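Source: prediction; values computed, not measured. Computed from heavy atoms alone, side chains included, the values below leave out hydrogens, waters and symmetry copies.
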Amino acid sequence: MGYAKVRSVALHGVAGEVIVVEADVAPGLPSLVVSGLPDAALSEARDRVRAAVHNSGAHWPQARVTVNLLPAHVRKHGSGFDTAVAIAVLAAGSDLPIARLGNAVILGELGLDGTVRPVRGVLPAVLAASRAGFGFALVPVGNVTEARLVPDIDVRATDSLGRIIGYLYETQDLLDPEPEPPPAPASALDLADVLGQERGRRVIELAAAGRHHAAMFGPPGTGKTMLAARLPGVLPPLDDREAIEVTALHSIAGNLAPNGTLIRRAPIQAPHHTASVTALVGGGPGFARPGALSLAHHGVLFLDECAEFSSGVLDALRQPLEEGEVRLRRSYGETVYPARAQLVMAANPCPCARPGGRQMCHCPSIVRRRYHARLSGPLMDRVDLQVDLDPVRSAALLNTETVEPSSVIAKRVLNARRAATGRWGRAANSNGEVSAALLRDRRFRLSREVLHPLTIEMDRGRLSARGFERSVRVAWTIADLEGHERPDAADVREALELRSRTIQ
C-alpha cells in the first residue's frame, strides 16, 4: 500500500501541458477511481489498464486504488494516459521501482493483452515535454519516428507494458530502433500541364508570392481545379518552425505515416462540398479536433465548386481567415488551432455549367445570381484575387511551345517572398499578412497619384475599405515579382483588375 507518481502530457489544441499521474493504493474494497476531469475514453481506462496489467504478468493490487491527474482543473482527453496510469498503480501497490523514469513523460494506449499502441498527437506532446525541461520520453514504438522529430530529448520506445516493467527491474531494455529511411516525397503537380490559361497562371503566381486568397470562376474545362492543385508546387518549402507546426497538426489528426518525417511541402486540403462546419473548421464531441482549415495551415484550402457549399459553412471561414486561427469554445474551455491557410475557391458561373460558357448557357439571370448568393459579400471581400477564366481555345492545346514549369515560377515566388520579408521585417512574412497600419506608415504609404484607380472605385461604392487595403497588398506583390522597389500606377491597376468581380 502506498503512493507513486509519474508524468504524461495532455493536449489542448496543439499546446501540451505536462500532467502528473498520481496513484494511491489504500485498504478497502477493490476498486479503481480516476479523478481530475477525465473524458469518457480515459474513464474507460479502468478495465483496460487492469486487464493489461494482468496479461503482462504483473499483480494488480486488491485494494482501493485512486488515480488523480494533476492539475485537476485541466480536462484530459484520450487514451494516451493508459501506460502512465498502469505504471503509477504498480509503483504504488506493488513497489515497482520507477526511479529510472524520474525525468520522463510516458505516452501510450494499452491493449488488453498488454501491448502499447500508438496514439495521436505524440509530436506536440513530446515537444511540450522538452520545453518543460524533461529529458526523456517513453512512447509507443509506432510513434518513435514522429517523437524523434523533437530535438534535445531522449526518445525511447516500447511495444508492451511488460517491457517497461522489465526495464524498471533492469532485466530488459527499451526499444531503440534504427531510424527508417523517409519515404520518397510524391512529385508535385506542374503548372506546365496547364495550357492556354495565362490569366489563371498569373493569379496562382501572385497568390503564391503574396499569400493571397483567390477565387476563380469559369465554365468546366477552363483549368480551375488544375491551377489550384498546382499552387503548393510553387510555394516555398516550409521552414523548421512552420514544418513542426504543420506536422503537429497532422499528428493530432492522425494523418502521419508511422515512418513519416517533418512535412516540408505546403499542404493542401480539398474538402467535398458536402462538408460540415465541423469538418471544415474543426470541433466535434469531446476533444475538439482540427478541421480542414487548420490542416491546411501554411498551405492551401481549396474549395472546388464553392457555390455548392452551404452558406453557413462558408461564412464560418470569415473570422479564421482574418485572425489566422480557429477558436473552438466549449463549456469546459477554449481550444485554439492555427489556421493561416490560403483560401482558393473555384466555381462554375451557373448551375447548368455548360462547357461553352455564357454562349451556351440558358440559365436566367436570377438563377445565376441565386447560384452565387451563398458566396456572401463579407466572405468575398476577404478574397484578394477574383477573376473570370475564359474557355481554353483549341490553338492553345495544339501549341508546341514550352510552357513555363512550376520550378521557374517557384524561383520568382521565392525571390518575391524574400523581398517582402526584407521590407516588412518581423512585422509580416508576406504581403498578404501586412497590417493596415503598416501600409499607412509614412515609409510605405503610396502616393495619391498611384492609388488613384482605387480611390475612384471606393468613392463610387464599388470597393470597400478592406478591399482597398487588400488591393494595395496585391500591388506590393506585383511590384516584388516585377522587381520594382515600390508599386506604381500600373501595378495598382492590375491589382484592381484582378479583383474585377467585386466592381462589375
Side-chain angles (χ1 to χ4, degrees), residues 6-21 76-88 98 100-111 114-164 166-168 172-183 238 240-264 267 287 289-290 295 297:
V6 294
R7 291 169 177 82
S8 189
V9 180
L11 291 177
H12 317 287
V14 291
E17 182 175 352
V18 175
I19 299 297
V20 177
V21 180
K76 290 82 179 179
H77 304 275
S79 56
F81 298 93
D82 286 5
T83 308
V85 169
I87 296 299
I98 56 173
R100 303 184 77 180
L101 297 177
N103 192 35
V105 294
I106 305 172
L107 304 168
E109 174 187 323
L110 289 176
T115 57
V116 179
R117 302 179 180 276
V119 293
R120 296 180 177 184
V122 164
L123 173 59
V126 174
L127 185 62
S130 176
R131 290 172 176 170
F134 288 84
F136 182 18
L138 180 56
V139 303
V141 68
N143 294 124
V144 66
T145 303
E146 174 187 348
R148 284 178 173 169
L149 297 175
V150 180
D152 304 326
I153 188 170
D154 183 23
V155 175
R156 297 295 177 88
T158 183
D159 56 355
S160 67
L161 179 61
R163 183 179 293 277
I164 303 176
Y167 168 75
L168 296 176
Q172 279 185 285
D173 293 326
L174 296 176
L175 300 177
D176 190 15
E178 293 293 328
E180 298 182 19
L238 304 181
D240 290 344
R241 178 186 61 81
E242 294 171 339
I244 288 177
E245 289 179 1
V246 172
T247 309
L249 284 163
H250 285 258
S251 172
I252 294 171
N255 294 342
L256 288 184
N259 60 342
T261 57
L262 282 178
I263 298 175
R264 291 289 184 179
F287 180 68
R289 302 194 182 278
L295 295 177
H297 183 53

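- With sequence neighbours left out, the side-chain contact (heavy atoms from CB on, under 4.5 Å) criterion links N255 to H250, A253, L295.
- What you find for V246 and P267 is that their closest heavy atoms are CG1-CG, 4.0 Å.
- Listed by chain and number, the residues in a side chain to side chain donor-acceptor pair (under 3.5 Å) with E242 amount to none (sequence neighbours excluded).
- Legend: residues meeting side-chain contact (heavy atoms from CB on, under 4.5 Å) with A129, ordered by chain and number and at least two apart, are V9, V105, F134, I153.
- T83 approaches G108 most closely through the heavy-atom pair OG1-O, 3.1 Å.
- A search for side-chain contact (heavy atoms from CB on, under 4.5 Å) contacts involving R120 returns R289, not counting sequence neighbours.
- A heavy-atom distance below 4.5 Å is found between the side chains of L262 and I244.
- Taking R156 as the reference, D154 meet the salt bridge (charged side-chain N to carboxylate O under 4.0 Å, His left out) condition, with sequence neighbours excluded.
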- Start with the C-alpha distance between T247 and L256, add both sets of side-chain angles, then the distance that settles side chain to side chain contact (heavy atoms under 4.5 Å, CB included), and finish with yes or no. CA-CA 8 Å; T247 309; L256 288 184; 3.7 Å; yes
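- In plain terms, the two heavy atoms of P177 and V144 that are nearest each other are CG-CG1, 3.8 Å.
- Atom NE2 of H297 sits about 9.0 Å away from atom CG of L238, to the nearest 0.5 Å.
- Applying the salt bridge (Lys or Arg N to Asp or Glu O under 4.0 Å) test to every pair with at least one member in residues 137-148, sequence neighbours left out, gives these pairs: R148-D176.
- Residues P290 and L249 share a closest heavy-atom pair of CG-O, 4.1 Å.
- In terms of modelled atom types and a separation under 3.5 Å, the side chain of S160 and the main chain of T115 share no donor-acceptor contact.
- Atoms CG and CG, from N143 and L123 in turn, are 10.0 Å apart once rounded to the nearest 0.5 Å.
- Nearest heavy atoms, P140 versus R117: CG-O, 3.2 Å.
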Check the pair L161, I87 against side chain to side chain contact (heavy atoms under 4.5 Å, CB included), reporting the backbone distance first and the verdict last. CA-CA 8 Å; L161 179 61; I87 296 299; 3.8 Å; yes
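- Listed by first and then second residue, the salt bridge (Lys or Arg N to Asp or Glu O under 4.0 Å) pairs that reach into residues 255-264 are D240-R264, sequence neighbours excluded.
- Considering only residues two or more places apart in sequence or on other chains, R7 meets the salt bridge (charged side-chain N to carboxylate O under 4.0 Å, His left out) condition with none of them.
- In this structure, OG1 on T261 lies 7.0 Å from CG on L149, to the nearest 0.5 angstrom.
- With sequence neighbours excluded, the residues satisfying side chain to side chain donor-acceptor pair (under 3.5 Å) with S79 are E109.
- Nearest heavy atom pair, residue P124 against residue I252, reads CG-CG1, 3.9 Å.
- In terms of the side-chain contact (heavy atoms from CB on, under 4.5 Å) criterion, residue partners of T158 (sequence neighbours excluded) are, by chain and number, V116, L138, R163, I164, L174.
- With sequence neighbours left out, R131 forms a side chain to side chain donor-acceptor pair (under 3.5 Å) with no residue at all.
- For D82, the side chain to side chain donor-acceptor pair (under 3.5 Å) criterion is met by R48, not counting sequence neighbours.
- The closest donor-acceptor contact from the side chain of S8 to the backbone of I106 lies under 3.5 Å.
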